[in-house]
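Just below is one structure, and these are the notes that go with it.
Note that this is a predicted model, so its numbers are computed, not measured. Side chains are part of it too, since the values below use all heavy atoms of this structure and drop only hydrogens, waters and symmetry mates. Position 1 is the first residue of the sequence, and the numbers go up from there.
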Amino acid sequence: MKKHNLIGCCGISCGLCPRFQSKAKSRCSGCGPDDHCSRCPIFRCCTMKRNYETCADCNEFPCEKFSKWFDKDSFVTHQKCFPNIQRIKKAGINTLLREQEERKILLEIMLEKYNPGKCMSLYCLASSLISVKSLNEAVRQIEGIKEDKAKSFKLLIQKLSEKDKIILKLLK
């Protein structure tokens, strides 16, 4: 059905989601490859009914169904869905995929090197919301720190988010 599982029909960045990054049995494989997506009203409308890759392909975007979807978050932030769909409309899905891959690589570095075991959701949100430039700078800065890098990196990410006026919490 879908060609690109790392970008949801709605524009969500599946590769930046804690469920995608999880090593658990309940790991999600992104948008489209398994049955869990058939419960999603956006997936049913976009891919199953209209055979679109994302809502960016639809002439009715943004429709009421799309707009209502973002009252709250689940495992990953919905804050970037609309901008991601706009980016696909403007530059194409391959451009967004390249940009998201850079974010995904940074997230995987954060999780591998600086996660004390309780920061996956925080780092997933950060990798989705904070600029790539700031994330790269944070990774560079932390390399020079000798003490507890995991604790220091978490504080650095929180400071970056405050500086950029980004709230690293899911919407209720």
Side-chain angles (χ1 to χ4, degrees), residues 2-23 27-33 42 53-57 61-62 66 69-70 72-171:
K2 276 180 65 46
K3 296 177 202 162
H4 307 289
N5 69 318
L6 293 182
I7 298 293
C9 295
C10 63
I12 236 171
S13 299
C14 296
L16 305 178
C17 175
R19 287 205 52 220
F20 182 87
Q21 291 294 329
S22 173
K23 307 294 185 225
R27 183 181 190 271
C28 177
S29 52
C31 186
I42 302 290
E53 185 69 21
T54 70
C55 291
D57 299 322
F61 175 80
F66 182 91
W69 184 244
F70 304 102
K72 60 182 179 176
D73 291 319
S74 54
F75 295 99
V76 68
T77 182
H78 287 96
Q79 295 175 53
K80 289 291 191 167
C81 290
F82 189 82
N84 285 348
I85 293 292
Q86 295 290 59
R87 182 76 174 135
I88 292 168
K89 283 181 151 303
K90 182 178 179 181
I93 195 163
N94 289 328
T95 298
L96 183 69
L97 284 166
R98 280 191 302 276
E99 293 166 357
Q100 295 306 310
E101 181 62 20
E102 188 173 2
R103 289 179 176 281
K104 187 173 157 281
I105 289 167
L106 285 164
L107 171 59
E108 289 167 355
I109 290 168
M110 289 187 261
L111 292 173
E112 181 185 322
K113 292 184 171 186
Y114 313 117
N115 183 12
K118 298 178 182 179
C119 294
M120 183 182 284
S121 291
L122 175 71
Y123 291 169
C124 287
L125 288 171
S127 66
S128 181
L129 299 173
I130 295 175
S131 75
V132 170
K133 181 181 176 186
S134 292
L135 291 171
N136 273 313
E137 182 59 32
V139 169
R140 276 193 295 278
Q141 280 183 26
I142 206 67
E143 288 305 315
I145 294 178
K146 301 279 189 244
E147 63 271 5
D148 185 352
K149 287 187 180 198
K151 184 177 180 181
S152 298
F153 193 75
K154 180 181 175 184
L155 292 172
L156 182 57
I157 288 296
Q158 290 170 331
K159 285 180 187 177
L160 276 174
S161 69
E162 289 169 12
K163 180 183 142 229
D164 293 342
K165 295 180 177 48
I166 295 170
I167 298 169
L168 293 179
K169 291 186 180 180
L170 294 174
L171 303 172

Which residue pairs pass the ring pair (Phe, Tyr, Trp, His ring centres under 6.0 Å) test when at least one of the two sits in residues 125-160, sequence neighbours left out? Tyr114-Phe153, Tyr123-Phe153
If you round to the nearest 0.5 Å, how far is [atom2] of [Y] from [atom1] of [X]?
X      : Y      : atom1 : atom2 : answer
Arg103 : Ile130 : CZ    : CD1   : 9.0 Å
Ile85  : Ile93  : CD1   : CD1   : 8.0 Å
Gln158 : Leu122 : CD    : CG    : 5.5 Å
His4   : Ile88  : NE2   : CD1   : 9.0 Å
Gln79  : Leu125 : CD    : CG    : 8.0 Å
Glu101 : Leu107 : CD    : CG    : 11.0 Å

Kindly determine whether Met110 and Asn115 satisfy side-chain contact (heavy atoms from CB on, under 4.5 Å), including the steps that lead there. CA-CA 6 Å; Met110 289 187 261; Asn115 183 12; over 6 Å; no
Residues at least two apart in sequence or cross-chain that pass side-chain contact (heavy atoms from CB on, under 4.5 Å) with Glu162, listed by chain then number, are none
With sequence neighbours left out, write down each residue that passes side-chain contact (heavy atoms from CB on, under 4.5 Å) with Pro116, or none if nothing qualifies. Cys119, Ala150
Under the side chain to side chain contact (heavy atoms under 4.5 Å, CB included) test against Leu129, which residue among Leu160, Leu16, Leu168, Leu135 passes? Leu168
Among residues at least two apart in sequence or on other chains, which ones pass side-chain hydrogen bond (donor to acceptor under 3.5 Å, both in side chains) with [X]?
X      : value
Arg87  : Glu99
Gln141 : Glu137
Ser13  : Asn84, Gln100
Ser134 : Ser131

How close do [X] and [Y] get, counting heavy atoms only, and between which atoms?
X      : Y      : value
Cys9   : Cys31  : N-SG, 3.5 Å
Ala138 : Leu156 : O-CD2, 3.5 Å
Cys10  : Cys81  : O-CB, 3.2 Å
Cys17  : Cys124 : C-SG, 3.8 Å

Among all residues two or more places apart in sequence or in another chain, which pass the salt bridge (charged side-chain N to carboxylate O under 4.0 Å, His left out) test with Lys149? Glu143
All salt bridge (charged side-chain N to carboxylate O under 4.0 Å, His left out) counterparts of Glu108, not counting sequence neighbours: Lys104
The test is side-chain contact (heavy atoms from CB on, under 4.5 Å); show your working for Phe61 and Thr54 and say whether it passes. CA-CA 10 Å; Phe61 175 80; Thr54 70; over 6 Å; no
Crowded around Ile167 CD1? As in, over 12 foreign heavy atoms under 6.0 Å? no
Report yes if some heavy atom in the side chain of Ile42 is under 4.5 Å from a heavy atom in the side chain of Cys55; otherwise report no. yes
side-chain hydrogen bond (donor to acceptor under 3.5 Å, both in side chains) evaluation trace for Thr95 with Arg98: CA-CA 5 Å; Thr95 298; Arg98 280 191 302 276; 3.2 Å; yes
Whether Arg27 side chain and Phe20 backbone form a donor-acceptor pair below 3.5 Å: yes
